[in-house]
Every structure is written in C-alpha cells, then in structure tokens.
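The structure appears below as structure tokens.
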Amino acid sequence: MTEPLLRVNSVETFYGPIQAIRGVTIDVDAGQIVTVLGANGAGKTTVLRTISGVLDPERGQVVFDGQDIARLPPDQVMRRGICHVPEGRETFPFLTVRENLMMGAYTRRDTAGIAQDIELCFSYFPRLQERQHQRAGLLSGGEQQMMAIGRALMGKPKLLLLDEPSLGLSPLLVQQIFGIIRRINQEQNVAILLVEQNAHLALQTADFGYVLEVGRIVAADDCKTLMQRADIREFYLGQKEAGVRGQRRWKKKRLWN
Ligand code: ATP
C-alpha cells in the first residue's frame, strides 16, 4: 500500500495548559480532497496550525512526503509544499494585490516560474488581474479570499490547507470559489485539507471526511457514507429525520470516544 502524502499521527497540541487536540490521526493522499468537520472550538483550526508549523505538537507526528515535519517552522513546512490559507485570510492591506500574491512566493528563486504562476493565479481569478495594482485593503471579502488562495498557490503547494474559505461570503461567491478550489485540485493535482463550518458544502466537495469533537476524531469515512449517517445528517446537515434516536446514538458515541 502506498503511503499517504500527509499523515497526522496521534497528534496532541496545547495552548499553554489547554489541550486543544487529543490524539488526532488524519491521512491525506496525493491529489485528494479531505475535509474536517466540527462545531466551534472542536479544534479544526488547531489541526491546520499544527500541520503548517504555526504550533508545535506536544506529542505525535506530522509526516509529509515521508518526513516528519512536526517541529519545523512554517517557512520550512512551506518549502516542502504545504501552503496554508488561514481563517480570516491574513492579507497585507497596505500592499497591492500583486505584492500580496508575490509574498506567497517568498521562498522561491525561480523568477520565470514565479511569473508563470502569477499568470496561473490570474487565470483562476481574473478579478485579481483587474485589481492587481490596487491596495488589498480595498478588496471585497470574496476578492480577499481569492487573493489568499492565490497567494498560497504562489508557493507551488502539493497540499493546500484551507480554513473556512466560505466564511462571510454570499452563497453565489461561495459556489464560485468552491468551483475554483475543485479546478485547482483537479488541474494542478494539489491535495486539499479543508476545514469548513458549512458541512453540506464540505461533504459535497471532499472525497473523505473526518468529524472532530472536542479535540478528538469521532468519525472518519468517505463523504458519501458520512452524508448518509443519521447522526451526521442531524447534527451537521440540520436534517431532523433522525429524530431523538439519532441524537441518543450520537451522545452514546461521544461517551465511548
Ligand atoms: P472555530 O470554528 O470556532 O474556529 P475550531 O474548531 O477551529 O473552532 P480551534 O480554534 O482550533 O477550534 O480551538 C480549539 C480549542 O482551543 C478551543 O477550546 C479554543 O477555545 C482553544 N483555543 C484556540 N486558540 C486558542 C488560543 N490562542 N489560546 C488558548 N486557547 C485557544
């Protein structure tokens, strides 16, 4: 059996004395889209920060392309091919759109490749090309999200970490951006680990999903199967037909885990 591109193995991460992640194991294969679902505070962002090197795990491994990267700083993780689009986008408002995109290539020295990748970004997000000389702070929320994804693409990722890309966007823009995320996955063969509160969208977009609850994985399956589970339908998709029985089952499961 081939090794996954990314294996997060029994990871435990703390904020000071607070344990946010309690033995999380997640695999992402090359070219795959994997999603992590979970309520507010479940630990989704912490998983992504642990992978991208913003946080060091207390225990466990993060193996990427056969190497343990768990304690590498973010720039080293990025050089290995993992680019993180954080929640809230974290763009540079006083730099232009083009300068923001170039920030994503700061670890690269291949000038011709960088120029090609700027064009690639513009082909996915023509709006960014139109606004490339404007200050990023003047962009709409949707355009800022496009720019954050474009900046990550400039790092030539093998794996993109996307934290809540739909946050604060209109339904139309969300559809548009998710369409582009799927195209990037298929056309550039970039694997994606997607954290999303919109469970419908996440399960429709990804191949495989994990459900995170209070720092622990409580379910892992392909998305089609997850979508059919009564407990997932009730708690994450807001479909009530599972009724009280589904709720009891879910509560039992929480106790077991
Ligand atoms: P959300 O969807 O609200 O962003 P999440 O699933 O991404 O939630 P995390 O942000 O990873 O959850 O938070 C996991 C836990 O860690 C929560 O209990 C949260 O309160 C705690 N936490 C997050 N950031 C910090 C921090 N900087 N200092 C202390 N505790 C934190």
Side-chain angles (χ1 to χ4, degrees), residues 6-28 33-62 69-74 77 82-91 141-142 144-145 148-149 152 159-171 173-174 177-178 181 192-206 208-221 223 226 229 231-232 234-238 250-251 253-255 257:
L6 174 79
R7 170 159 290 168
V8 176
N9 185 27
S10 305
V11 158
E12 301 189 18
T13 304
F14 289 71
Y15 294 97
I18 299 165
Q19 183 164 12
I21 296 296
R22 300 164 183 271
V24 163
T25 294
I26 290 173
D27 284 354
V28 182
I33 304 185
V34 173
T35 188
V36 180
L37 305 179
N40 281 339
K44 305 178 298 296
T45 294
T46 307
V47 169
L48 297 192
R49 286 184 183 152
T50 305
I51 296 167
S52 66
V54 176
L55 295 170
D56 282 345
E58 194 83 7
R59 283 179 277 281
Q61 297 86 39
V62 179
I69 57 162
R71 280 148 202 94
L72 293 182
V77 173
I82 299 182
C83 295
H84 187 177
V85 182
E87 188 177 353
R89 293 131 205 175
E90 294 180 14
T91 55
Q144 297 218 9
Q145 186 62 65
I149 297 172
L159 172 66
L160 259 185
L161 308 177
L162 298 180
D163 198 346
E164 303 275 4
S166 77
L167 202 70
L169 305 185
S170 70
L173 257 174
V174 169
I177 287 181
F178 270 72
I181 290 171
I192 293 173
L193 183 57
L194 168 70
V195 158
E196 206 16 275
Q197 289 256 340
N198 183 335
H200 270 288
L201 189 64
L203 290 172
Q204 279 163 6
T205 304
F208 198 90
Y210 293 86
V211 180
L212 192 61
E213 213 179 75
V214 206
R216 287 197 172 87
I217 300 289
V218 295
D221 218 325
C223 290
L226 285 179
R229 275 180 53 163
D231 49 4
I232 304 283
E234 182 165 359
F235 285 94
Y236 291 96
L237 302 176
W250 186 256
K251 279 193 176 146
K253 222 175 157 44
R254 287 165 64 169
L255 291 175
N257 284 284

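Keep in mind that this is a model prediction, so the values were computed, not measured. Ligands are counted one by one from 1 in listed order, and the atoms in each one are counted from 1 as well.
Not counting sequence neighbours, the partners of D221 by the side-chain contact (heavy atoms from CB on, under 4.5 Å) test are T225, L226. Take F178 and apply the ring-ring contact (aromatic ring centres under 6.0 Å, His included) test, not counting sequence neighbours, and it matches no residue. Every side-chain contact (heavy atoms from CB on, under 4.5 Å) that C223 has, sequence neighbours left out, goes to T35, L203, A206.
Between the side chain of Y210 and the backbone N or O of V34 there is no donor-acceptor pair closer than 3.5 Å. Side chain of K44 to backbone of A39: a donor-acceptor contact under 3.5 angstrom is found.
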(Q) Please evaluate residues T13 and T46 with respect to the criterion side chain to side chain donor-acceptor pair (under 3.5 Å), reporting the C-alpha separation (whole Å), side-chain torsions for both, the decisive distance (0.1 Å), and the verdict. (A) CA-CA 8 Å; T13 304; T46 307; over 6 Å; no

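At a heavy-atom cutoff of 4.0 Å, ligand 1 is surrounded by Y15, A20, A39, N40, G41, A42, G43, K44, T45, T46, E87, E164, Q197.
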